[in-house]
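Take a look at the structure below.
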There are 2 protein chains.
Amino acid sequence: MFVGRGSSVLTRENGPQPADFADVRATNLAVVLRHLRTHAPCSRADIAATTGLNKATVSSLVTDLIDRRLVREVGMTENRIGRPAVMLVLDGSPYAAVGLEINSDYLTAVALDLAGERLLSWRRAFSGTAGQPGQAIAALAALARRTVSKLSHDGRRVLGLTVAVPGLVDADGVVELAAGLGWQRVDVRKSLLAALGEPGYPLLVENDANLAVLAEQRLGAQNGTGDLVYLTGGASIGAGIISDFRLLRGARGFAGEFGHLPLDPAGPVCGCGRRGCLEAYAGVGAVIRRALPDVGIETALSPSEFGPHMDEIQRLAKADDAHVLDALTETGAHLGHGIAILANLINPACVVLGGYFTDLAPWLIPSAARELAARSAAADSGGTVIVTSALDSSAAAAGGATRVLDAIDSGALPTPR
Amino acid sequence: MFVGRGSSVLTRENGPQPADFADVRATNLAVVLRHLRTHAPCSRADIAATTGLNKATVSSLVTDLIDRRLVREVGMTENRIGRPAVMLVLDGSPYAAVGLEINSDYLTAVALDLAGERLLSWRRAFSGTAGQPGQAIAALAALARRTVSKLSHDGRRVLGLTVAVPGLVDADGVVELAAGLGWQRVDVRKSLLAALGEPGYPLLVENDANLAVLAEQRLGAQNGTGDLVYLTGGASIGAGIISDFRLLRGARGFAGEFGHLPLDPAGPVCGCGRRGCLEAYAGVGAVIRRALPDVGIETALSPSEFGPHMDEIQRLAKADDAHVLDALTETGAHLGHGIAILANLINPACVVLGGYFTDLAPWLIPSAARELAARSAAADSGGTVIVTSALDSSAAAAGGATRVLDAIDSGALPTPR
DNA sequence: CTTAGTTCGTTTACCGTCCCAACTAAAGAC
DNA sequence: GTCTTTAGTTGGGACGGTAAACGAACTAAG
């Protein structure tokens, strides 16, 4: 009685954009590419059977992908009845995806090949807080040039470059506000495009938590989960939220302000000037003050001072220092309170602790999970689990490269030549 | 250098589903239908110019839609240079979309025509709390039959039927938990399909807040907003969340548990057994206890008793009763606290107060907005505004009918005959 | 009244993509 | 050596969107 394929994404949730054959082709090319990403190595026949595409169509699509050097044939199956199948894999060698991260104390560059293998991972110290945006962008551009030049020298074409910024970024790549960097209304995309001489590849700018959660979804242990939250544990606590396989940005891109969830109007003063923000209970500064009371409570800590203190806390925790263990348990409970709020509203399958939280996770998670379980409206915490990030501090940069691969996987393929 | 239409939704965010011609056709039919919904009356030439589709394609698509009786020609333009255009509108008369709502004290039925005009709006009292699920479903089926029979008698074909349930509903239409009804693991969809004799139209079951926010998005004042939250103000406070034009459900469908946001572990006891839930501060029960201290604080109120008390509160507020005004200001502040948490995480453009909150909104919103502004991390509350629902208590049922129209607009068209 | 100009919508020819079915290819089984 | 089984290609058909030409129906102006 009713026409239309019930679950065809093509016909659902589309905007006003009409479709034509080019779209069908791009969609199906992307289907094959994604299938190969998750199921490689496999044969044309496998792809046809699994995706529902016709054998002839798959042959045509695969030929196209091989022409574009995105896919490669790699040997045959053996020891089976029937004609042996030609196995296909993603071709890692001709391309690279680049992610950069700028933070208050360092710059990071990560490059991945098409298959998601890490090609390089660079970091350099950087005192961005003191500098003007112009200097920071010059440094970022220098790093980008070095990275791209290294990749080109290895015979790779750059598929795209994404910059992670710890702040609010609009759709055009303008950083509206980045408190940690002291930036306001900085058009990072335009400046960087100019500094790089208008390169041919796509250049995007995105919030660091949003990119980190992409990396966690694709490269981390939570591989393939569609409902996922990443908590940055840096100068501030931001949440990158993926819901139903899509980044949640909000109307103006302000979503994920986890650190400033208002808990108690009579609580401690937060860096933002308000009282009782979650960050004032569970932020890095609060952890240090609670665990190392000898560190000056009066003075605000600068981000570059976090590292040594966190190392010290981790050392004491490993040595079973009772005070530090108590401090971490208490911090975990506050974090769990915030996560319970998150879980009641968003109901993610998983909350990943990143940044400085990663190293302290063994001592934070037990009390956080306890608190989450106690404060979840749904039974069994609604299925939400708290885990440690499987990625190191380059998560956001890796996410930037992942973002480029996502675009490829969605049909924005490079041309054959 | 890069292939693919940058903004084609068809090639973005798709699952593993491949595309074919039927999808292109369905997509473009839906594009025309949606254009007519928002821009009617307009001509074929208008549609071609606005959507980017070819004139010939639009002609073909419109012919198809007229054959299916979804679109109707209605007169010509006049007083213009050139050949007059034939104007097109959605044809309201041949079809109907039905939404039902079951609640602890009433059943509601709403029917809309294709253009969104209300065809009927029925309500009957119902004491579901005492009854078994079987009785409730029998009552629901009876109401559905009467509704469908009335519409058929008027010569309309039913496009679909959606049931709103105040509880957690899974993707197959099984109600996992509905505290207000005392239900657990009730397969509403299956039972209702059986009771209605396996009708040919699609039958869905969905959470009431999710449907109410759909109604608010399409029929309410916030028409067309992509980031929107609806707060039910009934026996409990649920949030229906639309983010980037999609319902946010969470990994297990538990998203939107707004009423049980954990605020203060030392706070008042909530109906769920925990302490300090938002509902214990700002729920209907809390409003009544705070505004009408003479009402027995000790005994739990049953939902059927809410109505008279809320009427009384509204009467006193209109009469400028100082105690009641203070109580509402305080309630609004608590509500604003919860909304600030929501805004920091989700950043909606708009939060709509529904249910019993609607009538009290004039006295709740000022303090709620104040609190939201004070506790938002982003400037200007991140653009989030708090508004009164434009729909009456049939919002969820209307949303059920809207849900059916959404499916049509997404390409699941009825067959020509 | 006639002619030019404008706009609407259809008609026609064309092209790209997918599907189906038949075909070839290459192995193991008997 | 022939049969069976599975892999992948080829050619024909259908479908749907595109482009350009065309007829239709109106206004404007001489």
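Only this structure's heavy atoms are used, side chains among them; waters, hydrogens and symmetry mates stay out.
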Whole-Å distance separating the CG atom of B:Asp46 from the P atom of C:dT7:
12 Å

Need one value for B:Ala85: base, sugar-phosphate or nothing, where a base atom within 4.0 Å counts as base even if backbone is also close, heavy atoms only.
sugar-phosphate

For A:Val174, does its backbone N or O pair with a side-chain atom of A:Arg189 as donor and acceptor, under 3.5 Å?
no

Measure CD1/B:Ile47 against P/C:dT7 and give the value in whole Å, please.
18 Å

5'-most contact on DNA chain D (nearest-nucleotide basis), A:Ala45 vs A:Phe21, goes to A:Ala45

In this structure, how many angstroms lie between the P atom of C:dT11 and the CZ atom of B:Arg44, rounded?
11 Å

Both A:Gly82 and A:Asn54 contact DNA chain D. Taking the nearest nucleotide for each, which residue is further toward the 5' end?
A:Gly82

Rounded interatomic separation in angstrom, taking CG from B:Leu88 and C1' from C:dG9
11 Å

Quickly work out the B:Leu61 CG to D:dC15 C1' distance and round it to whole Å.
13 Å

Closest approach of B:Val404 to B:Leu161 (non-hydrogen atoms, all atoms of both residues):
CG2-N, 3.8 Å

Give a yes/no answer on whether the side chain of A:Ser43 brings an N or O atom under 4.0 Å of OP1 or OP2 in D:dG8.
yes

Provide, to the nearest angstrom, the distance between the NZ atom belonging to A:Lys55 and the P atom belonging to C:dT17.
21 Å

Residue mapping more 5' on DNA chain C - nearest nucleotide basis, A:Ile81 or A:Asn28
A:Asn28

Looking for any heavy atom pair under 4.0 Å, which part of the strands does A:Val86 touch: base, sugar-phosphate only, or nothing?
sugar-phosphate

When you look at A:Ser60 and A:Arg25, which way does the side-chain hydrogen bond (donor to acceptor under 3.5 Å, both in side chains) test go after all the steps?
CA-CA 10 Å; A:Ser60 160; A:Arg25 187 70 173 178; 2.8 Å; yes

Donor-acceptor under 3.5 Å (B:Arg246 side chain, A:Arg246 main chain):
no

Is any side-chain N or O of A:Arg83 under 3.5 Å from a base N or O of C:dA26, one able to act as donor and the other as acceptor?
no

A:Pro84, nearest nucleotide to its side chain (from C:dT17, C:dA26, C:dC19)
C:dA26

What nucleic acid atoms does A:Ser60 come within less than 4.0 Å of, heavy atoms only: base, sugar-phosphate, or nothing?
nothing

Would you kindly give the CG-to-P distance between A:Asp20 and C:dG16, to the nearest whole Å?
13 Å

In sequence, state the C-alpha distance, the side-chain angles, and the governing distance for A:Thr225 and A:Asp227, and then conclude on side-chain hydrogen bond (donor to acceptor under 3.5 Å, both in side chains).
CA-CA 6 Å; A:Thr225 309; A:Asp227 298 87; over 6 Å; no

CG of B:Asp23 versus P of C:dG16: gap in Å, rounded?
21 Å

Output yes when at least one side-chain N/O atom of B:Arg25 is less than 4.0 Å from OP1 or OP2 of D:dG17, else no.
yes

